[in-house]
Each structure stands twice: as structure tokens, then as C-alpha cells.
There are 2 protein chains.
Amino acid sequence: MKINRATDYGVRLMVYLATEGGKTVPRAEVSSAMDIPSEFLAKIAQHLARAGLLEIKQGRMGGYRLKRSPEEITLLEIVEALEGEIFLNICVGDPKACRFSSTCKVHLVWKAAREGLRDLLGSIRLTNLIIKERPLQNSQERCCKYN
Amino acid sequence: MKINRATDYGVRLMVYLATEGGKTVPRAEVSSAMDIPSEFLAKIAQHLARAGLLEIKQGRMGGYRLKRSPEEITLLEIVEALEGEIFLNICVGDPKACRFSSTCKVHLVWKAAREGLRDLLGSIRLTNLIIKERPLQNSQERCCKYN
DNA sequence: AAAATTTTGGATAAAAAAGATCCAATTAGA
DNA sequence: TCTAATTGGATCTTTTTTATCCAAAATTTT
Ligand code: SF4
Ligand code: SF4
């Protein structure tokens with residue numbers, strides 16, 4: 001019951017792109033800054049591009065950049081783009097996979113757990129994940145409990 | 001991000017034992033009633049026994065039974081006995097595993113997600129998971145939202 | 001147009017985890 | 001003692017994860 005490395009790497013990539021604003025960042029830079037194996041990163045970026053989360057520019061001066069505003073992109077989208085839709089147990093996504101699913105109460109717990117997890121991840125936006133070097137001087141604003 | 005089959009099987013076993021009250025149930029019976037490969041079930045039962053959740057009786061008339069009252073056993077205990085402590089990302093259990101963990105905000109989200117998940121699973125007891133054939137006639141009681 | 005740089009996409013592969021299965025030895029009731 | 005039940009260790013297969021390699025394609029610069 002853990003996320004994949006690829007998912008964590010994908011989130012790192014997206015957070016890095018968010019901190020770089022709209023710039024196109026070459027793979028090598030993300031790889032070294034974020035400690036992600038370069039070739040693996042290429043595959044992850046392709047997944048995220050197909051999911052409509054980032055844009056890939058090929059050729060010289062190519063690289064990656066966010067396709068949408070970091071305010072619009074949730075952690076849930078990133079995670080599910082890389083892991084597939086979250087289901088903590090097979091029966092949640094496919095009730096026919098278990099002959100007990102219609103009466104089983106554990107089934108309901110896994111369903112509830114999934115909801116809770118997705119709600120949390122869905123409430124976090126890329127903007128909430130950017131690391132600011134120092135806190136804003138004249139602002140008390142906190143967009144959520146995670147920053 | 002899914003539980004293992006072994007974990008689901010383990011929960012099925014525990015729920016079955018709970019429905020049988022204090023009886024010692026042979027492995028073959030649990031295996032066929034709960035659709036669990038018998039030899040695999042043996043391994044799972046050994047794990048749960050080491051975790052103090054059930055008692056194994058060897059020899060003729062042997063089998064499995066709960067070691068504690070189903071009221072005292074939570075789903076979290078069962079799941080963690082089989083999966084190990086729940087951490088949705090390596091950095092949650094071992095911050096040294098990632099050089100970003102001290103500043104990374106995603107880290108905090110995975111921590112919060114873990115808390116939420118463990119709280120939910122910890123709130124469900126084996127008694128809440130027993131399947132009653134028909135609802136009690138003269139009782140409105142619901143021990144929680146899962147029954 | 002040629003050179004330089006950067007990604008693609010498909011193949012491949014090593015390692016780890018998951019999901020069992022086998023069986024000789026052991027245990028304990030009858 | 002006979003029989004029925006589990007143990008514990010080894011083994012095995014399959015799937016998933018985590019990459020890596022490289023020729024081809026794309027795009028900018030010279
Ligand atoms: S036993 Fe219950 S929780 Fe397990 S797979 Fe079947 S329906 Fe789902
Ligand atoms: S990048 Fe953040 S979330 Fe990912 S492993 Fe490191 S600390 Fe954890």
C-alpha cells in the first residue's frame with residue numbers, strides 16, 4: 001500500500017515546473033535538481049503529457065513545461081495520471097471481482113477510505129506545493145493547512 | 001496503491017472467525033467458505049498468530065480461532081499485521097530516504113493521508129464487520145456507519 | 001543545409017514483490 | 001498407535017516495478 005517511485009518522481013517534476021513558472025525546462029535540469037533518473041523521467045513526462053498535464057517541446061532548447069495553471073492542477077490528477085484511478089482494493093473498482101462484494105462490510109470501508117484519500121489529494125493544488133524560500137513578510141494568508 | 005491479496009484474505013479469515021464466535025475452525029473450512037487458497041491461508045494465519053490476533057491449534061481437531069474479543073480488534077491491526085505499518089510514501093516512514101523531506105510539502109500531504117487512513121481503519125472493529133443474515137427485528141442500533 | 005541538441009518510442013532487462021504451492025516434520029485427539 | 005491437522009522452510013511462477021539503451025525524429029543555431 002504505497003505509491004510508486006514513478007508517482008513521486010512525477011509529482012517532483014510537476015512541482016519543479018510550477019516553481020519555474022511558464023519556462024520550458026530541459027529534462028537534464030529537472031533530473032539533476034530533483035534527483036530523478038533521466039531516462040525514467042522521460043517516460044514519466046510522456047505519461048503526464050498524454051494526461052494533458054504538461055507540454056513537451058522536442059529538439060534543441062526543448063524540454064517540459066506545465067500545460068495548465070498550477071492553480072488548476074490537483075495532486076489527485078497527477079497521482080492518478082501515473083497510478084491509474086485509486087482503488088485500495090480490487091472490489092472497489094470492480095465489484096464482480098469478489099463474490100462477497102454485495103454483502104461484505106469491509107468492502108464499504110475500502111470504499112470510504114478511497115473517498116477520503118481522493119478528497120484529500122483533490123484538495124491540494126500545485127500552488128500549495130511550491131516551496132517558498134522564505135515566508136511572505138506582510139501576509140498571513142494560508143491557502144490550506146499544508147503550506 | 002492497493003492492499004495485497006494476502007491482506008484481504010486475512011481480513012476475510014478474521015471476519016469468519018468472528019462470526020463463528022469462539023469456535024476453533026479448521027483451515028479447510030475457512031478456505032472453502034471464504035475462497036482463500038488453503039496453503040496461502042496457512043501462511044497468513046501464521047502471520048496473524050505472531051501478531052497476537054488469532055490462536056492456532058495444531059493436530060487433530062485443530063484450526064484457528066480469535067485470540068481476543070472481536071470488539072477489541074480493529075481493522076487497522078489486521079491490515080498492519082499483514083502489510084506492515086502503513087506509509088503511503090517511503091519518506092513518511094523514513095525521512096532520511098529523501099533529501100527533500102525537510103522542506104517538501106508533498107511529504108506533509110502523504111503524512112496527512114496516512115493519518116486519515118489509519119484513523120478510519122482504526123475506528124472499525126471486527127464486530128462492525130460481521131455480516132448478519134437479517135437485520136435485528138427490534139433494534140435500531142447501528143454501531144457505526146458501516147453496518 | 002549542416003550541425004548541434006534534445007526528445008521519442010520501442011525493446012530490453014534486472015530486481016523486487018506478490019501469490020502461491022510442496023512436503024517432510026510435528027502435534028495432538030481418538 | 002492411528003489419524004487428522006498445522007508448521008516451517010524451500011521453491012516456484014507470475015506480475016510489477018524500476019529502470020536503461022539506442023536509433024530515429026524534431027527543432028534551433030550556425
Ligand atoms: S472480501 Fe470484501 S473487501 Fe475483500 S475483496 Fe471481497 S468484497 Fe472486497
Ligand atoms: S519529494 Fe517529498 S514526497 Fe517525495 S519522497 Fe521526497 S519528501 Fe517525500
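The model shown is predicted, which means the values in this text are computed figures rather than measured ones. Convention: sequence-line order gives letters A, B, ...; per-chain numbering from 1.
- For the pair B:Arg5 CZ and C:dG19 P, the interatomic distance rounds to 7 Å; values are reported in whole Å.
- Taking atom NZ on A:Lys43 and atom P on D:dT18, their separation rounds to 16 Å, with Å as the unit.
- Of the candidate nucleotides C:dT5, C:dT7, D:dT17, C:dT7 has the atom nearest to the side chain of A:Pro26.
- Computed from coordinates, the A:Tyr64 OH to C:dT6 P distance equals 12 Å when rounded to whole Å.
- Side-chain atoms of B:Arg27 lie closest to D:dT6 of the nucleotides C:dT8, D:dT6, C:dA20.
- Between A:Arg68 and A:Glu55, no side-chain nitrogen of the basic residue sits less than 4.0 Å from a carboxylate oxygen of the acidic one, so the salt-bridge criterion is not met.
- Rounded to whole Å, atom P of D:dT17 lies 14 Å from atom CG of B:Asn89.
- In this structure, B:Glu29 atom CD and D:dA4 atom C1' are separated by 15 Å, rounded to whole Å.
- Picking from C:dA30, D:dT6, D:dT27 the nucleotide with the shortest atom distance to the side chain of B:Ile56 gives D:dT6.
- For the pair B:Gly59 and A:Val25, both in contact range of DNA chain C, the more 5′-proximal nearest nucleotide belongs to A:Val25.
- The nearest heavy atom of DNA chain C to A:Gln46 and to A:Met1 marks one nucleotide each, and the one closer to the 5' end goes with A:Gln46.
- In this structure, A:Glu39 atom CD and C:dA13 atom P are separated by 16 Å, rounded to whole Å.
- Proximity of B:Tyr9 to the phosphate of C:dA20: a side-chain N or O atom is located under 4.0 Å from OP1 or OP2.
- Between A:Lys2 and A:Glu83 there is no salt bridge, since no side-chain nitrogen of the basic residue lies less than 4.0 Å from a carboxylate oxygen of the acidic one.
- Comment: A:Arg114 engages A:Glu85 in a salt bridge, judged by a side-chain N to carboxylate O separation of less than 4.0 angstrom.
- Put simply, the side chain of A:Ser31 gets close to the backbone of A:Ile36: a donor and an acceptor are under 3.5 Å apart.
- Regarding B:Leu41, its CG atom lies at a distance of 15 Å from the P atom of C:dG19, rounded to whole Å.
- Rounded to a whole Å, the CZ atom of A:Phe40 is 13 Å from the C1' atom of C:dA15.
- Each of C:dT7, D:dT7, C:dA20 was ranked by its minimum atom distance to the side chain of B:Ala42; first place goes to D:dT7.
- The listed nucleotides are D:dA19, C:dA20, C:dG9; the one nearest the side chain of A:Arg50 is C:dG9.
- A salt bridge links A:Glu80 with A:Arg118: the closest approach of a Lys/Arg side-chain nitrogen to an acidic carboxylate oxygen falls below 4.0 angstrom.
- Nearest-nucleotide positions on DNA chain D for A:Gln58 and A:Thr7 put A:Thr7 closer to the 5' end.
- Counting any heavy atom pair closer than 4.0 Å across all strands shown, A:Lys57 reaches sugar-phosphate atoms only and no base atom.
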